Protein chains: 2
Amino acid sequence: MNSQHIKVACSSCNLRELCMPAGLDAGDLARIDAIVARRRKVKRRETLFRTGDPFTSLFAIRSGFFKTRVASEDGRDQVTGFQMAGEIIGLDGIVNDQHSCDAVALEDAEVCVMPFHQIEALSREVQALQRHVHQIMSREIVREHGVMLLLGSMRAEERLAAFLLNLVQRLHARGFSQSEFILRMTREEIGSYLGLTLETVSRTMSKFMSDGILDIDQRRVRIVDPEGLRRMINPPGC
Amino acid sequence: MNSQHIKVACSSCNLRELCMPAGLDAGDLARIDAIVARRRKVKRRETLFRTGDPFTSLFAIRSGFFKTRVASEDGRDQVTGFQMAGEIIGLDGIVNDQHSCDAVALEDAEVCVMPFHQIEALSREVQALQRHVHQIMSREIVREHGVMLLLGSMRAEERLAAFLLNLVQRLHARGFSQSEFILRMTREEIGSYLGLTLETVSRTMSKFMSDGILDIDQRRVRIVDPEGLRRMINPPGC
DNA sequence: CGTAGGCTTGAGAGGAATCAAGTGCGGTGG
DNA sequence: CCACCGCACTTGATTCCTCTCAAGCCTACG
């Protein structure tokens, strides 16, 4: 049993500026609280949901780190994203009332369970919530456009640089260091996300280290030369 | 001046089963009609909207064919999708109240303009519409997952086969042939979408032709061996 | 203290990019 | 109506980036 019926108020959550309640006033906030029926703990390597599971709820990540992945019939799989605290997960399930990807915790995690029919009901009444739900979905679409650009037109070094900059930027928005962080995922998972093999990811990281751009110790990464990393994406030759 | 104030009812539109009104009953249909403020013609090569344009409306494609593309600072660009009649375009603009990609007509086209604030207002009242808007956005997210799988883990032949099968399937849903169709886009645009060069697209198509899977004459494509095309995606070796 | 999983590094192969001609269709203008 | 021109496309030769296969290391964990 990994569900718990602990009541926690969005209004007192330190993620409220990043998460579901973002942009809502105090009055509406109280009504959002009612949506978060319960919280659920997910242990490392466990799935929050899998492909084919009936869709009932969206999940707001309260702590921990997830990956989402899709699989094709022939066993190939592709990591479609890494999600961290304050981000909403499960949007893929809305179309067909069942999930079309797996969400796997990369470390022990806790999520707020938000039954979707309640979100819909409340967003019919609270315009700010309706707007916010639309924005969350649109943001995901735009994010994926960026991934398509990365996968479709960038070389290995550019992909990895873009990935690391994106990661550190999102972590920084959550109060972490601008330059130092711990990778929650393996080289293989990074590779899957970036359309590269784990060897290429490893080699590219080693190159960044010998170039003096990064300092890497296992999963610990320190960005020594942020400008150099940004230059990797927009090659000086262009 | 490429805007026209022609009033056309969704209720009498032959795309109503595929488009915005899908799944709505007769009563709600009438209310949707009110949303489609006007229609707009877009000539071949013209843009419906560009990156940075203020976002005001979603567009339902009534006729014609579009591509959407994103550009990075250094001039690279990536085709993020091809859209045909009945599909909704412009969802990228919701997050930041401005568009983050370009929509370009690949042939003379006509779209129904649906002011987004009106969609929001009506979907607060009509639950079926609310549900449908959510589904449209979720469908786009899931579609992009599929593209990420394609770009991240497939080889050139697999990508092209998946692309052609997807195209013919969508065309078939609109009453066109299951086996024969006209490509509305250039080899270069296909290549951009699939993360390949135009030469590789051309070579791969030639190979499919010499394998007896396709019959190609310029933009005209006939799928001779649909099963063979499907086998390209799931290689027998797996 | 042993082991397994994650990671690094090397060597070689291969698939797609790049560079380079050349073809042919469609549109334009004489 | 026909000739010319440009753009899209095809095809070939070569390069190169990344994958694949392989070996060994390190570290965390039991």
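Lettering of chains follows the sequences in order, A, B, ..., and the numbering in each one begins at 1. FYI, side chains are in, hydrogens and waters are out, and symmetry mates aren't considered; it's all heavy atoms of this structure. All values reported here derive from a predicted model rather than from experimental measurement.
- Take A/Phe82 and apply the ring pair (Phe, Tyr, Trp, His ring centres under 6.0 Å) test, not counting sequence neighbours, and it matches A/Phe163, A/Tyr193.
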Protein N or O to nucleotides 22-27 of chain C N or O, pairs below 3.5 Å:
none

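- Taking A/Phe49 as the reference, A/Phe59, A/His99 meet the ring pair (Phe, Tyr, Trp, His ring centres under 6.0 Å) condition, with sequence neighbours excluded.
- Residues that satisfy the salt bridge (Lys or Arg N to Asp or Glu O under 4.0 Å) test with A/Glu227, not counting sequence neighbours, are A/Arg230.
- A/Ser202 pairs by the side-chain hydrogen bond (donor to acceptor under 3.5 Å, both in side chains) definition with nothing, not counting sequence neighbours.
- The separation between B/Arg159 atom CZ and C/dG15 atom P is 14 Å, rounded to whole Å.
- Applying the side-chain hydrogen bond (donor to acceptor under 3.5 Å, both in side chains) rule to A/Glu144 yields the partners B/His145; only residues at least two apart in sequence or on another chain are considered.
- Under 3.5 Å, the side chains of B/Asp102 and B/Thr47 contain no donor-acceptor pair of N or O atoms.
- Relative to the axis of its first five pairs, the axis of the last five pairs of the helix from C/dC1-D/dG30 to C/dG30-D/dC1 sits at 40°, rounded to 10 degrees.
- In this structure, A/Arg45 atom CZ and C/dG6 atom P are separated by 6 Å, rounded to whole Å.
- By the side-chain hydrogen bond (donor to acceptor under 3.5 Å, both in side chains) test, B/Thr68 pairs with B/Thr80, B/Gln83, sequence neighbours left out.
- The listed nucleotides are C/dT9, C/dG6, D/dT10; the one nearest the side chain of A/Ser206 is C/dT9.
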Which protein N or O atoms sit under 3.5 Å from an N or O of nucleotides 17-20 of chain C?
{"unit_1": "C/dA17", "atom_1": "OP1", "unit_2": "B/Thr197", "atom_2": "N", "d": "3.2"}
{"unit_1": "C/dA17", "atom_1": "OP2", "unit_2": "B/Thr197", "atom_2": "N", "d": "3.2"}
{"unit_1": "C/dA17", "atom_1": "OP2", "unit_2": "B/Thr197", "atom_2": "OG1", "d": "2.9"}
{"unit_1": "C/dA17", "atom_1": "OP2", "unit_2": "B/Thr200", "atom_2": "OG1", "d": "2.3"}
{"unit_1": "C/dT18", "atom_1": "O4", "unit_2": "B/Arg203", "atom_2": "NH2", "d": "2.8"}
{"unit_1": "C/dC19", "atom_1": "N4", "unit_2": "B/Glu199", "atom_2": "OE2", "d": "3.2"}

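- A straight line from CD of B/Glu158 to C1' of C/dA16 spans 14 Å, rounded to a whole angstrom.
- Rounding to whole angstrom units, CE of residue B/Met154 and P of C/dG15 are separated by 17 Å.
- Look at B/Arg45 and B/Glu107 and you find no salt bridge, because none of the NZ, NE, NH1 or NH2 atoms lies under 4.0 Å from a carboxylate O.
- Straight-line distance from the CG atom of A/Leu160 to the C1' atom of D/dT18: 14 Å, rounded to whole Å.
- Nearer the 5' end of DNA chain D, as judged by each residue's closest nucleotide, is the contact made by B/Met205, out of A/Ala156 and B/Met205.
- With rounding to whole Å, A/Leu106 atom CG is found 16 Å from C/dG5 atom C1'.
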Show me the donor-acceptor pairs within less than 3.5 Å that the side chains of residues 209-217 of chain A make with the rest of the protein, sequence neighbours left out.
{"unit_1": "A/Ser210", "atom_1": "OG", "unit_2": "A/Lys207", "atom_2": "O", "d": "3.0"}
{"unit_1": "A/Asp211", "atom_1": "OD2", "unit_2": "A/Lys207", "atom_2": "NZ", "d": "2.6"}

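- For A/Phe116, the ring pair (Phe, Tyr, Trp, His ring centres under 6.0 Å) test picks out A/Phe55, B/His134, with sequence neighbours left out.
- Atom C1' of nucleotide D/dC19 and atom CD of A/Glu188 are separated by 14 Å, given to the nearest angstrom.
- Among residues at least two apart or in separate chains, salt bridge (charged side-chain N to carboxylate O under 4.0 Å, His left out) pairs with a member in residues 81-91 of chain B are B/Glu87-B/Arg170, B/Glu87-B/Arg174.
- When rounded to the nearest whole Å, the span between CZ of A/Arg187 and P of D/dC19 equals 16 Å.
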